[in-house]
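As structure tokens, the structure follows; a few thoughts come after it.
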Amino acid sequence: MSQEEETGSTIGPYRVDRRLGGGGMGEVFLAWDPRLEREVAVKRIRSRGEESGSDPERRARFRHEARITAALNHPAIVQVFDLIIEGDTDHLVMEYVPGLSLHQVLRQGPLPLARGLAVAADVAEGLAYAHRRGVLHRDLKTENVLLTPDGEAKITDFGIALRRSTEPDAERLTREGMVVGTWRVMSPEQACGEEVDARSDLFSLGVLLYELFTGSSPFLASTGRETVRRILGETPPPASELNPEVPMELSDLIHDLLEKDPVLRPASAREVADRLRALGTHPSAAEQETVYPTAPLPATGRPATSPPSPSRRTPVLLLAGIAVLAAATLLFLLFLRDQPAPAAPPLYVAVLQPGLRGGTPSEEAGFFAFAVRGALQSALTRFDGVFAKAASEVDTVSGSPAAVARAVAADEILAPSFVCQARTCSVEVSRLRGKDGAVTWSDRVDLPLDDPLTVAQALAVLIRKGYPERKLRRGVPDLRVTPEDYAEYLDVRRRILTGAREDPD
């Protein structure tokens with residue numbers, strides 16, 4: 001089907017109306033389905049010219065997209081209806097989504113906070129659904145998100161998606177170490193050609209959210225090489241710095257999604273969607289949705305009920321009232337300025353020695369346990385009004401968590417445990433009430449056995465989920481040291497606490 005023959009041509013039973021656009025390996029057309037009397041979008045492999053002939057790998061990838069996307073049925077994912085094969089050409093028949101792509105909409109600037117949060121949550125929920133079905137997108141970007149006239153978001157273009165599988169003969173249409181996708185949205189591990197998982201899509205989601213709320217791309221440069229260098233080695237400015245309307249909680253979420261190390265990103269797209277939906281109730285977002293009603297006007301254009309004519313004294317009294325109100329407001333604000341900000345009630349937490357859930361105790365496991373406990377104690381100090389009990393005080397007490405809490409006058413207990421396999425340890429942390437030892441929160445994270453700095457950073461992210469009611473202290477500096485420096489610091493600290501003497505040179 002040539003460009004001249006597109007309008008009025010047919011693809012199977014579908015009548016082509018016009019070309020909608022194209023990019024990458026596909027062209028998209030608007031067509032009419034006479035059987036169900038509806039508009040559909042038809043995607044075909046972009047022609048490479050008559051001399052190039054059929055490309056088996058491109059066709060395999062195209063059919064791969066059809067099989068993967070057809071298995072996904074979610075309001076935030078474009079639905080696939082049919083696959084038409086005509087000679088050497090394949091056509092994918094999909095749900096037609098009238099409207100623009102998110103990329104086109106953002107050319108006019110970032111979306112208002114309330115609308116942006118709704119779009120972001122839709123995308124995260126669609127991604128969470130795909131991940132639950134074992135499907136990774138691997139090219140999530142604003143160009144691949146369509147917005148309906150009602151403002152709902154739909155993810156499209158699973159052309160390089162990957163279905164996770166443990167089968168030995170699982171289909172893999174990309175060679176080992178081959179880099180596929182769009183440079184500016186790639187995670188560091190994807191850009192390096194390493195194996196990816198759902199957390200790589202979360203990095204791409206972070207890029208999408210950054211562009212959605214700031215209007216600029218966090219890593220985009222003039223060349224692909226420079227873009228990758230920024231992805232691997234630079235941290236973009238906080239979204240709240242570029243757009244003051246972005247609340248700190250949203251800026252922090254975007255920062256977490258853009259972490260270089262996958263273990264430091266949120267655990268799942270489902271968690272991201274929940275956090276975005278919760279931010280939709282943020283006061284600044286709610287203010288944008290406020291509509292102030294006005295009184296209806298009759299045919300004459302005058303108010304339905306006319307107020308009595310004001311006397312000459314009314315303006316004078318009104319001005320006097322405004323002056324008194326302004327003076328009172330000024331005095332009240334000056335009073336508030338001189339008052340200290342209300343502090344969060346103090347919370348004392350005892351961090352127990354991490355327990356080994358399986359395996360044989362070793363010096364390496366003991367050092368890992370020491371790093372976990374130290375990281376948890378350090379993470380707690382970042383919260384306003386939270387104080388960690390000294391490990392030396394906690395270790396002098398035995399018994400149940402409630403008994404330990406009573407003995408050291410702690411309000412709560414943090415009980416970590418871990419199990420290691422190869423060079424990775426699964427760490428579980430539980431938050432317990434001091435009065436009865438009841439679990440109020442628990443979560444886990446997989447961490448490297450031999451990288452204590454990553455352990456500290458990942459546990460700091462994990463603990464922030466465990467204490468959502470606590471704000472971070474103002475002015476707490478980020479930890480910016482090398483893994484080697486941090487490992488040496490932990491070793492020196494362990495020696496000091498255990499009373500070990502340094503060997504003489």
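Only heavy atoms go into these numbers, but all of them, side chains included; no hydrogens, no water, no symmetry mates.
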Verdict with supporting geometry, R115 and E245, salt bridge (Lys or Arg N to Asp or Glu O under 4.0 Å): CA-CA 13 Å; R115 187 183 177 201; E245 292 185 0; over 6 Å; no
Working for side chain to side chain contact (heavy atoms under 4.5 Å, CB included), residues L257 and Y210: CA-CA 10 Å; L257 288 166; Y210 197 97; over 6 Å; no
Test log, rule side chain to side chain contact (heavy atoms under 4.5 Å, CB included), inputs R423 and D450: CA-CA 7 Å; R423 307 304 299 173; D450 52 1; 3.9 Å; yes
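Counting only heavy atoms from C-beta outward, the side chains of E189 and S200 approach each other to under 4.5 Å. The closest side-chain heavy-atom distance from R138 to M186 is not below 4.5 Å.
Checking D139 against T182 by side-chain atom types alone, a donor-acceptor pair falls below 3.5 Å. Between T227 and R184, the side chains place no donor N or O within less than 3.5 Å of an acceptor N or O (distance only, hydrogens not considered). For T10 and R15, the side-chain atoms include no donor-acceptor pair closer than 3.5 Å.
Among residues at least two apart or in separate chains, there is no side chain to side chain donor-acceptor pair (under 3.5 Å) pair with a member in residues 70-79.
Every residue meeting the side chain to side chain contact (heavy atoms under 4.5 Å, CB included) condition with E226, not counting sequence neighbours, appears here in chain and number order: A221, T223, R229, R230. Shown here are the side chain to side chain contact (heavy atoms under 4.5 Å, CB included) partners of S204, two or more places apart in sequence or in another chain: L140, V185. By the side chain to side chain donor-acceptor pair (under 3.5 Å) test, S442 is found to be paired with E428, S430, residues two or more places apart in sequence or in another chain being considered.
Each of R464, K465, R431 was evaluated against D443; a single residue qualifies, K465, per the salt bridge (charged side-chain N to carboxylate O under 4.0 Å, His left out) test.
Applying the 6.0 Å contact sphere to CD of Q421 captures no more than 12 heavy atoms from other residues, nucleotides or ligands.
Here E259 does not pair with R265 in a salt bridge; the nearest charged N to carboxylate O distance is not below 4.0 Å.
In this structure, CZ in F368 is found 10.0 Å from CD in E364, a value given to the nearest 0.5 Å. In this structure, CG on D122 lies 9.0 Å from CG on L147, to the nearest 0.5 angstrom. Atoms SG and CG, from C425 and L449 in turn, are 4.5 Å apart once rounded to the nearest 0.5 Å. Distance check: E271 CD to L253 CG gives 8.0 Å after rounding to the nearest 0.5 Å.
Among all heavy-atom pairs drawn from S417 and R357, the shortest one is OG-NH1, 3.0 Å.
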Using distance only, find each side-chain donor-acceptor pair of residues 102-111 under 3.5 Å and give its atom names and separation, not counting sequence neighbours.
residue	atom	partner	partner atom	Å
H103	ND1	T142	OG1	3.2
Q104	OE1	S101	N	2.8
Q104	OE1	S101	OG	3.4

What pairs of donor and acceptor atoms, side-chain ones from residues 31-39 against any protein atom, are under 3.5 angstrom apart with sequence neighbours left out?
residue	atom	partner	partner atom	Å
D33	OD1	R35	N	3.1
R35	NH2	Y14	OH	2.8

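Ring-plane geometry between Y467 and F383 is classed as tilted, the angle between the planes lying from 30 to 60 degrees on a 0 to 90 degree scale.
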